[in-house]
Amino acid sequence: MTLLRDEIAVVGIANGPFGSFPEYDDYAQMAIAFKAALDDAGLEKNQIDGLITHRLGLYTRAAEVLGINPDYAVPLLRHGRMSGVAIQNGVAALLTGQAKYVALVYGNNGRSVRDLYGGGGGLWAPFGMSSPGAEHALLYERYRQKYAVTPEKLATVSLTLREHARLNPEAVMQKPLTLDDYMNARFIVEPLRLFDYCLINDGAVVMILTTKDRAKDLKQPPVYISGVSTATDLANVSTPPRGYWREAMAHNAERVYPMAGIDREDLSGLMIYDNFAPNILYSLEGYGFCKEGEAPDFIQGGRIALGGDLPVNTSGGHLSESYMQGWALNTEAVRQLRHQCGKRQIKDAKAIQYICSAAICSSIIYRR
Amino acid sequence: MTYAKPLPSIDRWNKPFWDAARQGELQLQTCEDCGHWWFPPAPVCPSCLSTRVTWKRASGRGKIWSRCRFHHIYDKAFADEAPYNVCMIELEEGPLFISNVVGAAWEDIGIGDAVEACFEKATEEVTLVRFKLAEK
Amino acid sequence: MSVAPLLPTITDENRPFWDAARAGRFRMQRCSHCATLRPSPSDICPHCLSEEFAWVDLSGRGAVSSWCVYHRAFHPAFKERVPYTILQVDLDEGVRFVAPLAGGGVRPLKLGMRVRVVFEEAAEDVVLPVFALEEDVV
């Protein structure tokens, strides 16, 4: 087990605004965020020699728009799970000396081009089955029956994250969300309701990574990537995972904490990929914060709220800040550890874990 | 009246499945070397990688692993049926299959319930495999 | 004579180029910050990343820096047109542009030959900038 602890640093981050921007395509939004990330780091464009693109259809167009010829260039597909994969690959490129400063770039104009996350084709479309949300509905229906979870308990996820969003001026959702609002909102695919679903927005996020030695000379206090791990559940990917990705999560858990040189108790907060609210439950259980079936109770009483023992998605997450397919969760981890989060700052934030539970499960630990 | 819902994309790997369905039979691929059964179709056995793969008649029996109900209309062609159920069935032979349970109210569709395949003609070329609750 | 039955995909970014062509003008974006011209339309300058730009008229003059001749129609729409020539032109303003030889067909070419932009209708409401040899332009 290689100790990664504090070897790689995040030195520049930027989020474009989140919303609907039909006048800018995804490459333009990404380029604007890229420039802002360079400014954040105190780097020049020509120092970036690694480029990993996510979601943008053409890495070629991305490089053309940015006007760069990086030594290291890797394109990744649209799936949200690729944000964790991008970070892992950026770390690997730096550790192997293939690049000195890697930019991870993401741009999404799904809202203004009216991307649908359902309908269309797919293996099960003839049966009216489409959309990732429906896969999660199937997963959650079985889980909620098995563990007798009330809707009010699941609502705690959305309600908590909305309160966090309201402390974040960048978050798209600023209105208060009450339990009545949650319960009265329509089912999208039952048992999941409107507020269990992530938002769809335009936006861009860029992260710049480098090695710890190079990080010392730059503008911001470095935030270290101290642990990365990946495991998949791909062999039966045409149907929702029978095992709720538990095996993959356990495999990640047994490696990522030793790699970072910390225990779960050392964490100041969690950033959990909340494409759908129940994913937070499975993730908490899968990484051992509580036992299987216990997450609906574990999250009550403010435990996952700011001020609680284990704040989750402090910027509002995909449910209330914006759906940037994991990126805004990772930049929030960095901001928290830079202590730049203002009203939503986790006191004395020292270490934060990012978790994405999907066909590729990723976990990344950031340390100050 | 033209069938407006999505039809499966039939290719050389899955054609036997849809040919069998047209005849009112559920067939799945199975491995002649290790006996594994699987869906969706694949060119080699996903368990042992053997190329000795063949199509065999499956029992049509399974259990409901989970259910969900579409309220939101992603595809207008389903608007008249909303809300409608989509269930994941664990077939007796092992593979998971997603389809609809027909002839049962939402309240009567229980996780773990036994189901049997049934067949509904969609077009001349395509008959869909659906499921009904088994007689108790 | 129309040279491109396959029509361009018009986007918000490139629409001014195609509007200008319809009006018989050859225009390109120039960055307001660093003055770099960009042959590939973009909201952002690929040199300095500034968002400020203006569409400017180019002279349409340049020199041939390479060419190729299509003998095989890669799309049925081009069946009647092969063989035809695509030119790589180094415009006098210092940027490179790729476009068809005006009038189609094949001509004896030499590196450095002077060319100038002319406009050909490809379809209703679609005009393509193409390049004529100076020696052909009276």
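Chain letters run A, B, ... following the sequence lines, proteins first, then strands; residues in each count from 1.
A salt bridge links Arg107(C) with Glu135(C): the distance from a Lys NZ or Arg NE/NH1/NH2 to an Asp or Glu carboxylate oxygen falls below 4.0 Å.
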I'd like a table of all donor-acceptor pairs linking chain C to chain A (distance under 3.5 Å, no angle check), giving the atom names and the distance to one decimal.
from	atom 1	to	atom 2	distance (Å)
Ser40(C)	OG	Arg61(A)	NH1	2.9
Ser40(C)	OG	Glu64(A)	OE1	3.1
Pro41(C)	O	Arg61(A)	NH2	2.6
Pro46(C)	O	Lys45(A)	NZ	2.4
His47(C)	O	Lys45(A)	NZ	3.1
Glu51(C)	OE1	Tyr24(A)	OH	2.8

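Between Phe97(C) and Phe26(C), the distance from one ring center to the other falls under 6.0 angstrom.
With a 4.5 Å cut-off on side-chain heavy atoms, Leu101(C) and Leu133(C) count as touching.
Considering CG of Leu337(A) and CD1 of Ile352(A), their distance stands at 4.0 Å, rounded to 0.5 Å.
Among residues at least two apart or in separate chains, salt bridge (Lys or Arg N to Asp or Glu O under 4.0 Å) pairs with a member in residues 58-79 of chain C are Arg61(C)-Glu134(C).
For Tyr70(C), the OH atom is loosely surrounded, since the number of other residues' heavy atoms within 6.0 Å does not exceed 12.
Neither the backbone nor the side chain of Ile68(A) comes within contact range of chain C; no heavy atom of the residue lies under 4.5 Å from a heavy atom of that chain.
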